[in-house]
Amino acid sequence: MKAGFLFSLLLCILARLSEAQYHYQGLMNYLESRMVAMEERIALWQEQNNRYNSDLKKFRQQASDLLEKLGKDHAKLRLDLEGAGVKVDRVEREMDYFETKNPPKPCVRAADKMVEQEAVVKVKKKEEFFELAVCLDIVSSIRAMKILKRLGSPKGVWTKDSRTAKVYVFNGTSEDTVYEFKSVKELSASSGMSKGRQITLPSAWNGTGHAVYDGFLYYVSERSELQVVKFDLKNSSLADSAVLPVEAQTPVYSLNPETLVDLIADEEGLWALYPAGDTINLAKMDSDTLDIEQMWDTLCPRNNAEAAFIVCGTVYVVYNTRPSSRSRVQCVFDVNDMVTAGEAPLLYFPRRFGAHSSLKYNPVEKQVYAWDDGYQMLYRLALKKKLWAIAPPPEE
């Protein structure tokens, strides 16, 4: 009995062991198949990684070769551009010389019958002129340019009283302080405005259209109305003021929107340039009373104008572009109609830094004091006699 029971128990244990061995073998087979699959994937990854590393090495080599070639091409291009820049500078100098010696004809308001034919000139009757000016010079060319220094704001004015050696600096486009220097040499040696005498005005000046004439400072004060203020520089006191009859407060030069009126002094006294629609008007002012004696429409357009100066009663309007390129005089107006279309110059200024914010002519030195992007510059002018002075009309 006991033997049978033990035998049955043994058989049961053997059956269970056989069943467990079967399950164990199945598990081992599954694990083995998974390991084989993982090994295949690892081998595939290694193969792909080797291929990617090989491609990356090839790409790095190609990129290195391309960068080396690009560096050589860049160096060659830079040399070519430097050579081209030298050639362009040479061409511009030759153009400056050519334009100075052979200026094209600009727009100019002159008498309809005023033409030049081998020293034979037909003009209007003498009675039709405003007055025969004592000064008969006209600008023929720009002889030289000098950069004095860089001082202050991008826009401003520096000018010199033609009857003294004193120089006056208006820094910016709106302030109530002017700096006086004893000479151009003192201004050149000054560190900033340190050596200048500070003059505080009774009201703020606006724009860059100021003038110094015979010991007095003339500037425009922008309030409800445009006022011309006359300031005594010797006594540091207000001498007079007058309201300008300007209808619209628009800039006289489109490229200098801060300047509504440009006050100018030359050999014949005080002038004012102001806007009238799309053109620039001119007024002759009494420097003592600030009364307006006579007015003209110059027909010079305001568009693309940056500044102007007057020599012997002749207005030279300077034009430019935005962005700035080369300034040029391309509109000339003479109050006495004594400038013919053939003799009116189209002057090109040498290339500079930016655009002129002001141009102030000194009749004694025959120089224009210019403010260009913070630089104080001098243009020496070459003058010649107007054709009227060479061949005046016959007496009637």
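Residue numbers start at 1 and run along the sequence shown.
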Linking Ile, Leu, Val, Met, Phe, Trp and Tyr by side-chain heavy atoms under 4.5 Å, what else ends up with [X]?
X: I42; result: none
X: V167; result: L148, L151, W158, V169, Y179, F181, V184, L187, M193, Y369, W371, L378
X: L81; result: L77

If you define the side chain from C-beta out and look only at heavy atoms, does anything of [X] sit under 4.5 Å from [Y]?
X: V311; Y: E267; value: yes
X: S174; Y: N206; value: yes
X: D262; Y: K360; value: yes
X: S188; Y: K185; value: no
X: E306; Y: Y253; value: no
X: I199; Y: F231; value: yes
X: K366; Y: Y361; value: yes
X: I280; Y: F333; value: no

Checking [X] now: which residues fulfil salt bridge (charged side-chain N to carboxylate O under 4.0 Å, His left out) with it, not counting sequence neighbours?
X: E258; answer: K155
X: K160; answer: E365
X: K72; answer: E68
X: D288; answer: none

Closest approach of [X] to [Y] (non-hydrogen atoms, all atoms of both residues):
X: A276; Y: R302; answer: N-CD, 4.4 Å
X: A204; Y: Y219; answer: O-CE1, 4.0 Å
X: S287; Y: Y218; answer: O-OH, 2.8 Å
X: Y213; Y: G269; answer: OH-CA, 3.8 Å
X: G156; Y: S358; answer: O-OG, 2.9 Å
X: S190; Y: G192; answer: OG-O, 2.9 Å

*Verify side chain to side chain donor-acceptor pair (under 3.5 Å) between N171 and S153, making sure each step is shown before the conclusion.*
CA-CA 6 Å; N171 186 25; S153 303; 3.2 Å; yes
*Over 12 non-hydrogen atoms of neighbours within 6.0 angstrom of CD in E32*: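 At most 12 heavy atoms, drawn from other residues, nucleotides or ligands, come within 6.0 Å of this atom.
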_Take a 6.0 Å sphere around CZ of R41 and say whether it holds more than 12 heavy atoms from other residues, nucleotides or ligands._
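No, not enclosed.
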Is it possible for you to say whether [X] and [Y] belong to one hydrophobic cluster, with membership spreading through side-chain heavy-atom contacts below 4.5 Å?
X: V339; Y: V329; answer: yes
X: L381; Y: I147; answer: yes
X: L270; Y: L238; answer: no
X: V252; Y: L255; answer: no

In Å and rounded to the nearest 0.5 Å, what is the [atom1] to [atom2] distance from [X] to [Y]?
X: M145; Y: Y379; atom1: CE; atom2: OH; result: 6.0 Å
X: N281; Y: D297; atom1: CG; atom2: CG; result: 4.5 Å
X: K182; Y: K195; atom1: NZ; atom2: NZ; result: 10.5 Å
X: T208; Y: L260; atom1: OG1; atom2: CG; result: 10.0 Å
X: D278; Y: N303; atom1: CG; atom2: CG; result: 8.0 Å
X: S357; Y: D373; atom1: OG; atom2: CG; result: 9.0 Å

Using the test side-chain contact (heavy atoms from CB on, under 4.5 Å), find all partners of [X] that sit at least two apart in sequence or belong to another chain.
X: L67; answer: none
X: V220; answer: L226, V261, L263
X: N235; answer: D232, S237
X: D266; answer: E268, W271, I310

*Where the side chain of N362 meets the backbone of Q367, is there a donor-acceptor pair that is under 3.5 Å apart?*
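No: the side chain of N362 does not pair with the backbone of Q367.
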*asked:* Determine whether a donor-acceptor pair (N or O, by modelled atom type, separation under 3.5 Å) exists between the side chain of T159 and the backbone of A211.
replied: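 Side chain of T159 to backbone of A211: no pair is present.
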*Can you list the residues that meet the ring-ring contact (aromatic ring centres under 6.0 Å, His included) rule with F309, with sequence neighbours excluded?*
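In terms of ring-ring contact (aromatic ring centres under 6.0 Å, His included), with neighbours along the sequence ignored, F309 is linked to Y316.
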*For Q46 and N50, run side chain to side chain donor-acceptor pair (under 3.5 Å): C-alpha distance rounded to whole Å, both residues' side-chain angles, the deciding distance at 0.1 Å, then the answer.*
CA-CA 6 Å; Q46 288 179 346; N50 292 333; over 6 Å; no
*Evaluate salt bridge (charged side-chain N to carboxylate O under 4.0 Å, His left out) for K384 paired with D137, printing each intermediate quantity in order.*
CA-CA 5 Å; K384 65 179 181 180; D137 291 330; over 6 Å; no
*Does the gap between the ring centers of F349 and H356 come in under 6.0 Å?*
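Yes, close enough.
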*Kindly determine whether N320 and S327 satisfy side chain to side chain donor-acceptor pair (under 3.5 Å), including the steps that lead there.*
CA-CA 5 Å; N320 207 322; S327 299; 2.9 Å; yes
